[in-house]
Amino acid sequence: MQKVQKYIEENKERFLDELFELLRIPSVSADSAYAGDVSKAADFIAAKLEQAGADKVEVCPTDGNPIIYGEKIVGKNLPTVLVYGHYDVQPADPVELWESGPFEPVIKKTKLHPDGAIFARGSSDDKGQMFMHVKAFEAMMAAGELPCNIKFMIEGEEEVGSVHLGTFCKENKDRLACDMVLISDTGLIANDVPSITVGLRGLSYVEVKVTGPNRDLHSGLYGGAVANPINILCDMIASLHDENNHITIPGFYDDVEELTDEERAEMAKAPFDLQEFKDSIGIKAVWGEKGYSTLERVSIRPTLDVNGIWGGYTGEGAKTVLPSEAWAKISMRLVPHQDYKKITELFSNHFKAIAPEFVTVEVFPHHGGQGAVTPTNTPEYKAAAKAMEITFGKKPIPQRSGGSIPIVAMFEEIFGVKTVLMGFGLDSDAIHSPNEHFGLFNYYKGIETIPYFYQEYAKMKK
Ligand code: BES
Ligand code: MN
Ligand code: MN
């Protein structure tokens with residue numbers, strides 16, 4: 001392992017330069033204008049895998065963005081780890097709020113990152129974290145110390161729902177056969193409080209349309225006598241939470257697992273500073289479901305949030321209009337056992353049922369995904385915990401996250417294997433937001449830790 005770590009130390013600068021190169025490619029999956037860059041990013045990663053020593057590297061076309069595959073099989077009797085990550089990124093909007101170009105990576109120091117952080121879209125989610133695996137692999141290959149078989153599957157549609165990944169996995173089941181999946185696409189509690197993510201929420205995402213009159217109307221000539229679809233939509237949305245901030249959709253909580261008092265007490269032990277939380281996002285008070293702590297609200301409880309709402313006139317100045325239509329995009333974060341298809345249907349039925357006769361309501365489901373919980377009593381979890389203990393000098397805390405990576409449940413369904421979510425980001429990385437960044441400490445800690453994971457995993461599977 002000394003040889004591996006020495007190689008990493010000696011190649012630190014280049015590892016950073018290469019990540020910068022990747023971050024300069026705006027591989028935004030949500031916007032087809034970036035299709036060329038998406039395929040450039042895929043080719044870049046394939047080339048890096050090949051240079052690192054992977055075999056059978058292929059940029060596999062799908063009906064959407066390509067998936068990169070590569071492998072190194074070192075022994076028939078050694079365990080096989082499938083590394084998953086994504087090279088697509090969220091749009092950079094609103095671009096004007098970035099202090100430096102979203103695709104012009106720079107290092108800046110922050111309070112949480114006194115050694116500097118890489119500012120660029122995708123630096124933390126997920127190019128930076130995915131690339132740690134490519135570089136750790138390179139280091140293990142260069143040192144001639146690869147204790148497990150590795151397969152890489154890096155996709156380009158995670159941020160738009162991984163629509164083609166399921167088909168790819170099913171069609172390539174033999175090629176992808178593995179003992180476990182390893183992902184770095186989540187975070188740590190803090191740089192001095194290592195943690196491993198053991199739960200992810202599911203997601204149901206819908207768009208709703210409320211239609212009133214057959215055309216936009218003069219709000220003076222008609223206002224007062226015709227229901228305004230925006231007003232109605234707001235009423236309908238407001239009714240989706242009750243006075244305790246419980247979601248009012250019938251059946252919504254049916255499959256929600258209530259944690260035992262012991263489990264909740266265990267969760268409450270995780271370090272969390274409410275004042276710091278509020279200060280970090282500039283709010284005076286937290287909000288949420290009655291009876292649950294902030295940490296619980298963002299992890300073990302489901303949510304319903306409007307992500308965008310529009311209609312009528314939103315341009316400069318004032319236009320007096322009673323709009324014909326109102327729209328909203330609504331997401332529901334779900335907890336394990338809640339089925340996203342069932343929840344989407346419950347929402348759809350309920351939302352139509354509460355529509356007053358003045359309007360018609362349509363619901364358009366988008367992508368979604370199931371939540372996941374990963375066990376802590378498996379060799380793969382223990383190997384990750386040991387690896388982190390070695391490099392952080394502290395045992396990591398298992399923690400459920402509020403975010404979603406729908407493919408985790410899918411991997412279990414298709415391959416029957418468990419996933420380890422060994423992420424190195426921080427909640428404060430501003431992923432999906434302007435000024436996304438990833439600590440240099442975090443990038444290098446990831447590269448350093450990953451080889452120990454393989455070492456420990458190989459030992460445990462002997
Ligand atoms: N990497 C994130 C998810 C994440 C981040 C989980 C931090 C836990 C901690 C991922 O890229 C993501 O953004 N997922 C989407 C869901 C997807 C279906 C678009 C999300 O959570 O909004
Ligand atoms: Mn991600
Ligand atoms: Mn993301």
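Sequential numbering from 1 along the given sequence is applied to the chain's residues. Counting starts at 1 for both ligands and their atoms, in listed order. The shown structure was predicted, so the numbers you read here are calculated from the model rather than taken from an experiment.
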For ligand 1, which is the ligand I care about here, please tell me if S401 has any N or O atom under 3.5 Å from one of the ligand's N or O atoms.
no

If you consider just the N/O/S atoms, which atom of E159 is the closest one to the Mn ion (ligand 3)?
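Atom name returned: OE2.
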
Do the ring planes of H86 and Y84 sit parallel (below 30°), tilted (30 to 60°) or perpendicular (above 60°)?
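Ring orientation of H86 relative to Y84: tilted.
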
Would you check whether [X] reaches within less than 4.0 Å of ligand 1, judged by its heavy atoms?
{"X": "H86", "value": "yes"}
{"X": "V160", "value": "no"}
{"X": "Q90", "value": "no"}

Distance check below 2.8 Å: does D185 bring an N, O or S atom to the Mn ion (ligand 2)?
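Yes - counting backbone and side chain alike, D185 has an N, O or S atom under 2.8 Å.
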
N/O/S atom of E158 under 2.8 Å from the Mn ion (ligand 2), yes or no?
no

Taking only Lys NZ, Arg NE, NH1 and NH2, and the carboxylate oxygens of Asp or Glu, determine whether K386 and E389 approach each other closer than 4.0 Å.
no

So, do K135 and I8 sit near enough that their side-chain heavy atoms are less than 4.5 Å apart?
no

Specify which N/O/S atom of H86 comes nearest to the Mn ion (ligand 2), by atom name.
NE2

Among the N, O or S atoms of D125, the one nearest the Mn ion (ligand 2)
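Atom name of the closest N, O or S in D125: OD1.
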
Do H432 and E159 have a side chain donor and acceptor closer than 3.5 Å?
yes

Using only heavy-atom distances, determine whether the side chains of S204 and T344 contain a donor-acceptor pair under 3.5 Å.
yes

